[in-house]
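Because the structure is predicted, anything quoted here is derived from the model rather than measured. In what follows, chains are A, B, ... by sequence order, proteins preceding strands, each numbered from 1.
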Number of protein chains: 4
Amino acid sequence: MHPPQDNKPRWERRKDARPQELLAAALDQFVERGYAATRLEDVAKRAGVSKGTLYLYFTNKEELFKAVVRGTIVEVIGEAEQDAADFAGHSADLMRELLLRWWNQCCATPLAGITKLMFAEGNNFPELAHFYNEEVVARGTGVIRSVLVRGIARGEFRAVDPDVMTPVLVAPVMMLLMWTQSYMPACEMPPVDPHAYLDLFITTSLAGLAVPAP
Amino acid sequence: MHPPQDNKPRWERRKDARPQELLAAALDQFVERGYAATRLEDVAKRAGVSKGTLYLYFTNKEELFKAVVRGTIVEVIGEAEQDAADFAGHSADLMRELLLRWWNQCCATPLAGITKLMFAEGNNFPELAHFYNEEVVARGTGVIRSVLVRGIARGEFRAVDPDVMTPVLVAPVMMLLMWTQSYMPACEMPPVDPHAYLDLFITTSLAGLAVPAP
Amino acid sequence: MHPPQDNKPRWERRKDARPQELLAAALDQFVERGYAATRLEDVAKRAGVSKGTLYLYFTNKEELFKAVVRGTIVEVIGEAEQDAADFAGHSADLMRELLLRWWNQCCATPLAGITKLMFAEGNNFPELAHFYNEEVVARGTGVIRSVLVRGIARGEFRAVDPDVMTPVLVAPVMMLLMWTQSYMPACEMPPVDPHAYLDLFITTSLAGLAVPAP
Amino acid sequence: MHPPQDNKPRWERRKDARPQELLAAALDQFVERGYAATRLEDVAKRAGVSKGTLYLYFTNKEELFKAVVRGTIVEVIGEAEQDAADFAGHSADLMRELLLRWWNQCCATPLAGITKLMFAEGNNFPELAHFYNEEVVARGTGVIRSVLVRGIARGEFRAVDPDVMTPVLVAPVMMLLMWTQSYMPACEMPPVDPHAYLDLFITTSLAGLAVPAP
DNA sequence: TATGAATGAGCTTTCATTCAT
DNA sequence: CATGAATGAAAGCTCATTCAT
């Protein structure tokens, strides 16, 4: 009968949606062009607004980028942290769940472009690199590490050193991401089936973590 | 008779060496900053010449970059092609030789930065991407493929499909390269030993290619 | 009957007071930042309204500034003109009264900032300078001049040339104003006592204007 | 016979003169428009060069302004410091000399516009205000103060407190400057004859500083 | 009346490229 | 060959002004 039960006038609904539209446009451009090469005017154009409008919502280019990361990757990490904290089952199941989700939400989507971008341009923008390390790398690896600790504490994993084991789990996913992002459009090299690779990698790793039978 | 002995006066040798100095400086900057962020003024400064001088030797930034690639990676590929053509022994030995050389000459040196750069910025510079695909990717994988074909023809390898097998051999080296190039600050990477990894990978692959005993 | 007693509901009184609030906020900002550097957004914020509201009351920045001047300095000048016209006593008393009032109402208050502002930025905004000269400078010196004429006509002042004498009376007050407005950081100004200075200046000047005893 | 004994090619002479041309153009614009309202494009245009050229010689607008001040006012102050140190005669003569020179070199010339500018806009550009206080205000008043100290030490001045006396000498000159700069083009108020005023002020002040006869 | 989102001209700054010497 | 001064087309950011609600 009536439109979505949003009582606000269309105009105000637009206002609320605006930041999301801008962030979506910015994500597109950042992923497509990289950080430095993205022109704010293009972001605005893609969002259907003028250059100045961007500045109503974001202080500057850097803050726009941070907002994009916060609204996407950091969000996903937050959920992962929460779910990891709430999880009741076996740590191996939790680990598999987390790694797969990481892949599905961050690597098999446009978000992967952000990771690639930081890899490529982080050096040129130290403030951005710092932010990304704090909000994404540190927290992301933190979740994996915490599951290792949990598993060891509960006797579900062997007593490996979590600081050594964490990157062993993280690295292959990162590499797969880079690979599938393909470093050039025309270079159709990747022969790897990501899901097969991931599945094999996870299964193998978790088997390696399993407590040996007495 | 005797090895190249330069009879020219020093300043003239300097003149001839000029392009090499420029290319070396350019390589440094491209690897350090990336393509877009490299300023020609910095390249000139590092080479100890003026900005204008660069344009005496290279039409523009793009041609400078291409020249860097031609003078380094393409050179190495050319030698590999030649050596592969000249090689008389067992194809497995040749393959091992080529993969190791690739690593030692292109991946364990600053040249690896070029690969990373193309991965990161190739999308923004289509003309560059095209050039790189033609001159590096295509020819590089071509050598590997040709050795596969040779091995199969000579009955030294199993009759695998070369088009499928080539990337299987290329991908792990690329991954290792990206891994070791990954210097995202604070993101501690696991302590992979490149040579151990490479050796294991090559040995395993060649064993897999070996013709099964009848 | 009785003094102005406002029968309107409070919100409506608020409505009527709005322009005054806006002018007060604008005065604050203009004095604090100067004309060019004052952002209308800040004026609005200080007045607790939206930027757009400003434009309901004032056509543009320039008109806002004019309104500030009209509502303050011009107002004071108008009263001075009126009082001078109504005054019945000795012209020396009137002159003292006017000069002191000028100081107390325009120079020892935030309004002095407007004078400083016109001094500093008038050149950049010819239309503003023109307005200020017409409405403030011309009328202000006009009052002084008219009192001189009156005093001479009534035989209370010596027959000086009013066009020469007027700036002689105006300049010292202006100087004192600039002096006290001088707030260039760290540039310690001498501790002039404005009232002592003014009193001495006025007394001396009026003595000089007195008709010499026959 | 031959042009000025500058052996450099015309082109190079131009290069040497360039900074001075830019500074002159910048001085003009800063004095005419103020700091904030001066557009670098206009400075360039007035100097007959392009916008970018300015940046070959000056890091940014702020440094351009500082360079203008250094090349003019600070220069004059340096000479004053030197002359004061070298002077052998009576301190009263030195003081008169310095105050007159200050007027003739800094106040009766376009340089006065810089002082006016700092007075007007210093608040909006703290970094500039800081620089100006360090390089101009502090050093300028320092010279005056040092002469006071010298005179007292040599028994040529009464034993006044130099920290109190310095601004008493500085302030009237500053005020005269502001006055003669006239705060608006159309406002032809100043009736003061600067030289008469100055002369009277200096003579009076120095008389006041004279050691009373025993 | 009042709002505040939206606009776009304008300013500072950067850098690949040109060219007179 | 070599120089380096000069150019000018962007790009990031600001703010007076407009207008749909």
Does [X] use its side chain to pair, donor to acceptor, with the backbone of [Y] at less than 3.5 Å?
| X | Y | answer |
| --- | --- | --- |
| B/Thr53 | B/Val49 | no |
| D/Asn124 | C/Arg33 | yes |
| B/Lys61 | B/Tyr35 | yes |

Could you state the [atom1]-[atom2] distance from [X] to [N], rounded to the nearest angstrom?
| X | N | atom1 | atom2 | answer |
| --- | --- | --- | --- | --- |
| D/Leu54 | F/dA5 | CG | P | 14 Å |
| B/Arg33 | E/dT14 | CZ | P | 15 Å |
| B/Phe58 | F/dA2 | CZ | C1' | 15 Å |
| A/Glu63 | F/dG12 | CD | P | 15 Å |
| D/Phe65 | E/dT12 | CZ | P | 15 Å |
| D/Asp42 | E/dC11 | CG | C1' | 11 Å |

Item to check | Toward the 5' end of DNA chain F, by each residue's nearest nucleotide, A/Tyr35 or B/Ser50 | outcome: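 Nearest nucleotide further toward 5': that of B/Ser50.
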
Checklist entry - What heavy-atom pair brings D/Val74 and D/Val136 nearest, and what distance separates the two atoms? => result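 Shortest heavy-atom contact: CG2-CG2, 4.1 Å.
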
Item to check | Closest approach of A/Ala26 to A/Val68 (non-hydrogen atoms, all atoms of both residues) | outcome: CB-CG2, 3.7 Å

Item to check | Secondary-structure stems for DNA chain F, with pairs counted as Watson-Crick or G-U when both distances are under 3.5 Å and runs at least 3 long | outcome: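 Only these stems qualify: E:2-21 with F:2-21.
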
Checklist entry - Using 30° and 60° as the class limits, which term best fits the ring planes of A/Phe65 and A/Phe30: parallel, tilted or perpendicular? => result perpendicular

Checklist entry - Is a salt bridge present between A/Glu41 and A/Arg46, judged by a nitrogen-to-oxygen distance below 4.0 Å? => result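 No, no charged N to carboxylate O under 4.0 Å.
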
Next on the checklist: Set out, in order, the CA-CA distance, both residues' side-chain angles and the distance that settles salt bridge (Lys or Arg N to Asp or Glu O under 4.0 Å) for C/Glu121 and C/Lys116, then state yes or no.
Outcome noted: CA-CA 9 Å; C/Glu121 302 182 71; C/Lys116 179 201 159 194; over 6 Å; no

Checklist outcome for this item: Its contact letters, B for base, S for sugar-phosphate only and - for none at protein heavy atoms under 4.0 Å, make nucleotides 13-19 of chain F read BBSBBB-

